[in-house]
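Reading through the structure tokens given below for one structure.
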Amino acid sequence: MTDPQHLPEPPQGGDRTSHLARDDGNSFTQLASRVAALSLAALRLKEGMFSLQLHMRSNAAAADELADHLVEAEVEPRFIAQTQDVARAFRDVASGAGGMVSAADATATDAATFRANHQHEYGGIYEAVRASSVRQAKPGFYRTD
């Protein structure tokens, strides 16, 4: 049996939902908000990395073109090699950005799926608790695991 001294105080002043606003970080709305923020951040990261990828590909192409012009101009081979190294580095960054695009896309998709599943599984419970005039047990009280 739980010690009554450790139970939260009952709602005061007729506010039957004040216990839902506890700042324990695990409420239905807090979790949904965090997952939505994660999804938005992942989508912004995806956009930024995609933009970086395009920019680096463009820079690599420009460096390759410059290296070709240096060959035509019969510039010292070490400068041509350095320019080709720069182009290769740009391609490496573009490749890494592409990996980040994929990871951010997967994160956004997983977050959206989690949010939908969370809403489906717990949304009805949350609404029922909010509509009830009876104080509900704290989250996790009925856990069976």
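The figures here come from the full heavy-atom set of this structure, side chains too, leaving out hydrogens, waters and symmetry mates. Residues: numbered from 1 along the sequence shown.
Of the inter-residue distances, the one linking His55 atom NE2 with Phe90 atom CZ reads 7.0 Å to the nearest 0.5 angstrom. Summarising the geometry, atom OG1 belonging to Thr107 is positioned 6.5 Å from atom CG belonging to Leu38; distances are rounded to the nearest 0.5 Å. Here OG of Ser39 is found 11.0 Å from CZ of Arg44. Values are rounded to the nearest 0.5 Å. With rounding to the nearest 0.5 Å, the separation of CD in Gln119 from CG in Leu31 is 11.5 Å. Between the CE atom of Met56 and the OG atom of Ser95 there is a distance of 13.0 Å, given to the nearest 0.5 Å.
Across every non-hydrogen atom of Val75 and Ile80, the tightest pair is O-CD1, 3.4 Å. Contact between Leu43 and Ala108 at its shortest, heavy atoms only, is CD2-CB, 3.7 Å. Taking all atoms of both residues into account, the shortest heavy-atom contact from Thr83 to Ala67 is CG2-N, 3.8 Å. Closest heavy-atom contact between Gln53 and Gly98: NE2-CA, 3.3 Å.
Here the side chain of Thr109 pairs a donor or acceptor atom with the backbone of Asp105 at under 3.5 angstrom.
There is a path of hydrophobic side-chain contacts, each under 4.5 Å, that joins Val101 to Leu54. Tracing side-chain contacts under 4.5 Å through hydrophobic residues (I, L, V, M, F, W, Y), one reaches Val93 starting from Leu45; they form part of the same cluster. Tracing side-chain contacts under 4.5 Å through hydrophobic residues (I, L, V, M, F, W, Y), one never reaches Val86 starting from Leu70; they form parts of separate clusters.
Under 4.0 Å is where a charged nitrogen must lie from a carboxylate oxygen, and between Asp110 and Arg115 no such pair does.
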Derivation of the side-chain contact (heavy atoms from CB on, under 4.5 Å) call for His69 and Glu65: CA-CA 6 Å; His69 290 304; Glu65 185 177 346; 3.4 Å; yes
Evaluation steps, side-chain contact (heavy atoms from CB on, under 4.5 Å), between Arg91 and Asp64: CA-CA 11 Å; Arg91 280 191 290 278; Asp64 284 334; 2.7 Å; yes
Apply side-chain contact (heavy atoms from CB on, under 4.5 Å) to residues His118 and Phe28 and explain how you reach the verdict. CA-CA 8 Å; His118 183 252; Phe28 175 80; 3.2 Å; yes
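Atom CZ of Phe114 has more than 12 heavy atoms from other residues, nucleotides or ligands within 6.0 Å.
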